[in-house]
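The structure under discussion appears below in the form of structure tokens.
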Amino acid sequence: NWPASVTLKEVGPRDGLQNEKVFVSTEDKIAWINQLSGTGMKSIEITSFVNPKWIPALADAAEVAKGIERMPGIVYSALVPNRQGLERALEVDVDEAAVFMSASETHNQRNINKSISATFPILREVAQEALSAGKSVRGYVSTVFGCPYEGPVSIDEVIRVSEALFDMGIGELSLGDTIGIANPKQVQDVLDILLKRFDAKKLALHFHDTRGTALANILVSMDMGITTFDASVGGLGGCPYAPGASGNVASDDLLYMLDAMGIQTGVNPEKLLSAARFIQDKIGRALPSRNLQVGSSN
Ligand code: HMG
Ligand code: MG
């Protein structure tokens with residue numbers, strides 16, 4: 001029971017780069033995002049307006065947002081944790097603010113230095129201001145399938161945080177498997193519950209591939225009606241406040257699977273692989289994407 005088409009959201013320039021030790025120069029980030037804009041991706045998360053002391057890899061957020069070419073029809077999104085971040089993002093006119101929090105208390109605290117209850121009013125204000133500035137707002141909930149500090153996360157907490165984010169006016173909620181711990185059976189169980197409350201069209205799934213289960217999890221999600229997935233070219237990335245977490249599912253591996261299944265995405269595989277090769281060269285190590293490895297050994 002597969003969808004005819006799927007929307008891929010490229011998060012490599014944000015989620016991919018935020019945890020890399022190599023600082024990719026502003027110029028290279030801009031060149032890379034411009035390449036991604038030419039792949040057919042309709043949404044690119046270009047950077048993050050968080051405290052640069054916490055995420056030095058993205059300290060050049062404003063320069064990147066100002067430097068890239070904006071292609072019509074593409075939503076250029078950025079992560080925004082608070083009002084200060086929103087002001088910085090609005091100054092450089094990003095299209096979308098992505099707010100984020102966790103379903104587990106300890107991860108929320110380590111990641112954004114606040115309790116869950118203290119985070120709600122901050123994000124509500126960000127969402128309201130972004131919406132009144134004519135921007136769209138996306139929400140992330142992290143640790144949906146497990147927390148690196150607390151272990152299993154209660155579905156009731158996931159529902160509570162998700163409802164709070166939708167109440168703030170977010171247009172789409174991305175459910176994060178922050179530490180890549182989910183399995184297909186668990187994804188089925190979680191979606192079974194969430195889809196009774198939320199519209200599948202307003203949910204995205206954000207799988208990290210730490211344990212190699214991301215594509216299997218995506219398959220199950222598609223079977224249950226989910227048609228939007230976040231991914232990073234090359235499988236770049238991780239989460240600095242999730243010990244052991246590795247990259248997002250590789251956009252190029254996901255695209256290979258979808259193309260082979262006849263599921264439309266509008267993304268060009270050769271262009272996507274060449275964007276993956278570009279950032280692999282800049283990072284200076286082999287990235288986890290399997291298709292990238294096939295490409296290099298042939
Ligand atoms: P804080 O230290 O509690 O902030 O950080 P504060 O409000 O007390 O301010 C302290 C200092 O931070 C001040 O500067 C502020 O100006 C500055 P100082 O006076 O010390 O020089 N500051 C800022 N500077 C620039 N931009 C801002 C900003 N806000 C405050 N927006 C804060 C709170 C949230 C800012 C901090 O904890 C932070 O930046 N955290 C970011 C963590 C992060 O980026 N994590 C990774 C992204 S989330 C993720 O990867 C998961 C996801 O992919 C989904 C999944 O996989 O599950 C989305
Ligand atoms: Mg992530």
Side-chain angles (χ1 to χ4, degrees), residues 11 15 79 81-82 98-124 126-127 137-230 237-246 248-249:
V11 296
D15 207 348
L79 215 60
N82 54 18
V99 298
F100 59 106
M101 62 184 299
S102 313
S104 57
E105 200 58 68
T106 318
H107 187 266
N108 201 73
Q109 190 71 47
R110 301 271 173 111
N111 195 34
I112 50 178
N113 208 21
K114 265 157 214 78
S115 66
I116 288 179
S117 60
T119 305
F120 289 140
I122 296 171
L123 298 191
R124 187 171 302 118
V126 169
V137 182
R138 185 172 206 239
Y140 277 108
V141 50
S142 286
T143 64
V144 168
F145 300 93
C147 171
Y149 308 106
E150 296 177 17
V153 172
S154 125
I155 189 71
D156 294 334
E157 273 303 284
V158 175
I159 292 169
R160 186 171 79 93
V161 169
S162 303
E163 279 177 345
L165 286 166
F166 275 120
D167 284 347
M168 295 173 197
I170 62 162
E172 179 178 275
L173 181 70
S174 180
L175 302 166
D177 181 16
T178 315
I179 53 172
I181 201 174
N183 68 74
K185 167 80 168 66
Q186 182 190 17
V187 171
Q188 225 166 20
D189 292 345
V190 165
L191 285 179
D192 232 359
I193 297 170
L194 295 185
L195 288 171
K196 293 196 171 79
R197 289 178 169 77
F198 309 112
D199 181 357
K201 293 277 165 279
K202 292 195 163 185
L203 295 181
L205 269 291
H206 177 106
F207 291 111
H208 285 262
D209 201 24
T210 317
R211 294 167 180 81
T213 52
L215 285 181
N217 292 335
I218 287 174
L219 209 56
V220 164
S221 308
M222 285 197 299
D223 194 37
M224 297 186 74
I226 303 293
T227 54
T228 303
F229 298 97
D230 300 346
C239 176
Y241 302 99
S246 69
N248 298 91
V249 65

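Because the structure is a prediction, the values reported are computed rather than measured.
Minimum heavy-atom separation, Ala182 to Asp177: N-OD2, 2.9 Å. Considering all non-hydrogen atoms of both residues, Ile122 and Ala118 come closest at CD1-O, 3.5 Å. Residues Phe145 and Ile181 approach most closely at O-CG2, 3.3 Å, considering heavy atoms. Annotation for Ser102 and His107: closest pair OG-ND1, 2.7 Å, computed over non-hydrogen atoms. Heavy atoms only, all atoms of each residue included: Val126 and Asn82 are closest at CG2-C, 3.4 Å. Smallest separation of non-hydrogen atoms from Ile170 and Leu165: CG1-O, 3.3 Å.
A donor-acceptor pair under 3.5 Å is absent between the side-chain atoms of His208 and the main chain of Ile179, judged by distance alone. Within the 3.5 Å criterion, the main-chain N or O of Ala216 finds no donor-acceptor partner in the side chain of Thr213. Checked by atom type and distance alone, the side chain of Arg138 never pairs as donor or acceptor with a backbone atom of Glu172 at under 3.5 Å. The main-chain N or O of Ser104 is found under 3.5 Å from a side-chain atom of Thr143 such that the two form a donor-acceptor pair.
Residues Tyr149 and Gln109 fail the side-chain proximity criterion, which asks for heavy atoms closer than 4.5 Å. Annotation: side chain of Asp230 is not in contact with side chain of Asp15 (no heavy-atom distance under 4.5 Å). Side-chain atoms of Val137 and Met168, non-hydrogen and from C-beta on, never get closer than 4.5 Å to each other. For the pair Leu219 and Pro184, the minimum side-chain heavy-atom distance is 4.5 Å or more. Side-chain contact between Leu191 and Leu205 is present, with heavy atoms from C-beta onward closer than 4.5 Å. In this structure, Ile155 and Leu194 have side chains that are in contact, with non-hydrogen atoms separated by less than 4.5 Å. Residues Met224 and Asp192 have side chains in contact (heavy-atom distance under 4.5 Å, counting atoms from C-beta outward). Residues Ile116 and Arg160 meet the side-chain proximity criterion, which asks for heavy atoms closer than 4.5 Å.
Interatomic distance, Asn217 CG to Asn183 CG, rounded to the nearest 0.5 Å: 6.5 Å. The distance from atom CG of Leu123 to atom CE of Met101, rounded to the nearest 0.5 Å, is 6.0 Å. Between Glu105 atom CD and Ser115 atom OG the span is 5.5 Å, to the nearest 0.5 Å. Of the inter-residue distances, the one linking Leu173 atom CG with Phe166 atom CZ reads 4.5 Å to the nearest 0.5 angstrom.
Side-chain atoms of Thr119 and Asn108 include a donor-acceptor pair closer than 3.5 Å.
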